Amino acid sequence: MKLNYKIIFHFLGLLLLFNGGFILIATLISLIYKDGVTLELLLSGFTVLLVGIFVMYNTRNHRKEMNKREGYIVVTFGWIVMSLSGSLPYMVTETIPSFTNAFFETMSGYTTTGASILNDIEIIPKGVLFWRSMTHWIGGMGIIVLAIAILPLLGIGGMQLFAAEAPGPGGDKLHPRITDTAKRLWLIYFGYTAAETILLQIAGMSFFDAINHALSTLSTGGFSTKNDSIAYWNDNPAIQYIIISFMFLAGTNFVLSYFAFKGKVQKIIRDDEFKLYFRLTFIFAIIVAMVVYFKADVSQSSIAHPMVLGEFESAIRHGFFQVLAIVTTTGFVTADYTMWTPFLTVFFFGLMFLGGSAGSTSGGIKVVRHLLLIKNGFLEFRRALHPNAILPVRYNQKSVSGDIVFNILGFFISYMLLFIFGALVFSMFQIDFTSAIGLSASSLGNVGPALGEFGPVNNYAALPPLGKWWASFLMLLGRLELFTVLILLTPFFWRNR
């Protein structure tokens, strides 16, 4: 069957309309704060809107049918089109005049990676800073719908598990209830963002800083309005505890939040992935806190202000903050954790491969995949002793089909191979070993801070132009669960069947 190109372009035009509308919201912020770039943002927004209207108008007579092939193309090219059009405000306002840098910053935003090329964030006009945070929020919102509603139907990386769990989609076609699911999840997402904004403002942030950091936290993005990131508020523990709480929520499957608001608490308590996610983050945070307390000097690794409320409280707070920032791939920093002993540097590097829950806005491999791989690994020992026994992998008291287990195994192998290949490519740009593996793990996992030259207190400005394009590609791969993008690179995908 021939590809339905008209419906593909119609969807891409719709995404441009959304993008243009969001740029106009940033224009309103620019007008309120009188930052001097209102006209430039207005021009950017209307340009993107007009292109979107033009594309939609010329593809209005499309065949109302979308199969899996069109789905893959819309998802992948949707992120690319959003990143291309989202680069416009940076270039028109000349805050990032280079197209390579502007595209990198935008792709980092939409993929909720949080890696930045900006050396001085605080001199950027407020309207542009707000747009920068909005790219996170839009990307995070898209990822929720992608993970809950679309990827299970495309059969990506074991995400079929959530077709039954989500309060909407099911079957092999786009289900009408997907719209209802998306609305409910977006409402929760918006509600969490509003709640965090209010709490941060009460805790002492300005309204502008509060809303920007709420947009970044709920999307697990990591863009900040300050050069020192969250370390700017190291003398205000309340702000950091609020962000810790919302990072944890953002790394949790948003379907569980839906169940919580419906009063179905037992579903959350019995969820295997949530139980493991909670236990791992708690245990890892305590390990980090104890090492920091007994072995490291937090005040020496602090970027900005000195610690308050005593060394033990600081160690606990920084332990929980940095573990959640890495596990959920938010990427905020309160200190240079690469100075907290070599053990913790390697420890945090390992956490970059964990990821939050599936159905959350976090990147990485995801907890549920690790859980099922571990369960299957233990079952292999029993199968070796009892070759004729039927021993299925179980998840939430249900048997998981062999196809899903193989899919997850394929995803994990592909992820690790891409990590190694990604590091090899970075090393071709004369980047040292530590920095190369850090860049590859961080870009593919959408983490943000890396290691070495690109660690938590540095940015990606020193990365060569080709390195930025390669990092952007890895961000896209990781954000869209690998297969969604990789399948487009195979010749058989484009053959008309």
Side-chain angles (χ1 to χ4, degrees), residues 1-19 51-52 54-87 103 106-107 110-111 139 142-143 145-147 149-160 163 169 171-175 178 403-404 406-422 424-425 443-444 446 466 469-497:
M1 185 184 293
K2 287 186 177 181
L3 280 170
N4 187 353
Y5 285 104
K6 278 195 171 183
I7 198 169
I8 292 169
F9 279 99
H10 197 75
F11 267 95
L12 295 180
L14 181 62
L15 289 174
L16 286 171
L17 281 184
F18 277 118
N19 226 19
V51 173
F54 176 80
V55 171
M56 288 193 76
Y57 180 78
N58 284 283
T59 56
R60 63 193 185 281
N61 297 319
H62 57 270
R63 189 170 74 249
K64 305 282 192 295
E65 182 184 342
M66 180 182 284
N67 58 32
K68 284 188 176 182
R69 282 208 300 166
E70 279 98 19
Y72 287 120
I73 294 169
V74 166
V75 169
T76 302
F77 281 94
W79 247 262
I80 294 171
V81 165
M82 293 285 274
S83 297
L84 286 169
S85 59
S87 304
F103 182 82
T106 315
M107 179 62 80
Y110 281 118
T111 57
I143 285 300
V145 176
L146 194 67
I150 298 172
L151 290 185
L153 306 183
L154 297 180
I156 297 298
M159 300 299 283
Q160 305 97 307
D172 196 41
K173 297 178 181 177
L174 288 178
H175 197 285
I178 286 177
D403 288 344
I404 290 177
F406 285 127
N407 197 313
I408 290 172
L409 186 61
F411 178 92
F412 186 80
I413 293 169
S414 300
Y415 193 97
M416 297 312 294
L417 288 173
L418 278 165
F419 158 67
I420 295 166
F421 184 65
L424 279 171
V425 174
S443 299
L444 196 58
N446 307 124
L466 284 176
W469 284 105
W470 179 242
S472 298
F473 178 66
L474 290 179
M475 289 177 204
L476 184 68
L477 273 177
R479 184 74 280 181
L480 300 184
E481 305 285 339
L482 306 188
F483 300 154
T484 316
V485 180
L486 292 177
I487 198 169
L488 267 61
L489 305 179
T490 59
F492 62 81
F493 177 86
W494 299 98
R495 291 186 195 133
N496 290 323
R497 297 185 293 279

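All of these numbers come straight from a predicted model, not from anything done at the bench.
- The line from CG of D403 to CD1 of I408 is 11.5 Å long, rounded to the nearest 0.5 Å.
- Under a cut-off of 6.0 angstrom, the local environment of CZ in F9 is sparse, with at most 12 non-hydrogen atoms contributed by other residues, nucleotides or ligands.
- With T484 contributing its side chain and T76 its backbone, the two residues share no donor-acceptor pair below 3.5 Å.
- T490 and W494 get closest at one heavy-atom pair: O-CD1, 3.5 Å.
- Checked against V51 for a side-chain contact (heavy atoms from CB on, under 4.5 Å), the options L12, L16, V81 give a single hit: L16.
- When all heavy atoms of W79 and G139 are compared, the closest pair comes out as CZ2-O, 3.9 Å.
- Looking at I8 and F77, their side chains never come closer than 4.5 Å, going by heavy atoms from C-beta outward.
- A 4.5 Å side-chain heavy-atom check between F473 and V485 finds at least one atom pair inside the cut-off.
- Going from atom CD of E481 over to atom CG of L486 covers 11.5 Å, rounded to the nearest 0.5 Å.
- F492 does not carry R495 over the face of its six-membered ring by the limits of under 6.0 Å from the centre and within 45° of the normal.
- S87 is linked by a side chain to side chain donor-acceptor pair (under 3.5 Å) to T106, counting only residues two or more places apart in sequence or in another chain.
- Under the rule for a side chain to side chain contact (heavy atoms under 4.5 Å, CB included), the partners of L84 that lie at least two apart in sequence or sit in another chain are I80, F99, F103.
- One finds the CZ atom of F11 at 5.5 Å from the CD1 atom of I7 (value rounded to the nearest 0.5 Å).
- Checked against side chain to side chain donor-acceptor pair (under 3.5 Å), S85 has the following partners two or more places apart in sequence or in another chain: N19.
- Taking both residues in full, the closest heavy atoms of S83 and Y110 are given as OG-CD1, 3.7 Å, listed atom of the first, atom of the second, then distance.
- The two atoms that bring L488 and Y72 nearest to each other are CD1-CB, 3.7 Å, heavy atoms only.
- Considering every non-hydrogen atom in both S414 and F483, the closest pair reads OG-CE2, 3.7 Å.
- By the side chain to side chain contact (heavy atoms under 4.5 Å, CB included) test, V425 pairs with F421, F429, W470, sequence neighbours left out.
- For T59, the side chain to side chain donor-acceptor pair (under 3.5 Å) test picks out H10, with sequence neighbours left out.
- Of the possible polar contacts, none joining the R479 side chain to the L476 backbone as a donor-acceptor pair under 3.5 Å is found.
- The shortest non-hydrogen separation linking F419 to L444 is N-CD2, 3.8 Å.
- To the nearest 0.5 Å, the span separating OG1 on T111 from CE on M82 amounts to 12.5 Å.
- In terms of the side chain to side chain contact (heavy atoms under 4.5 Å, CB included) criterion, residue partners of I413 (sequence neighbours excluded) are, by chain and number, L409, L417.
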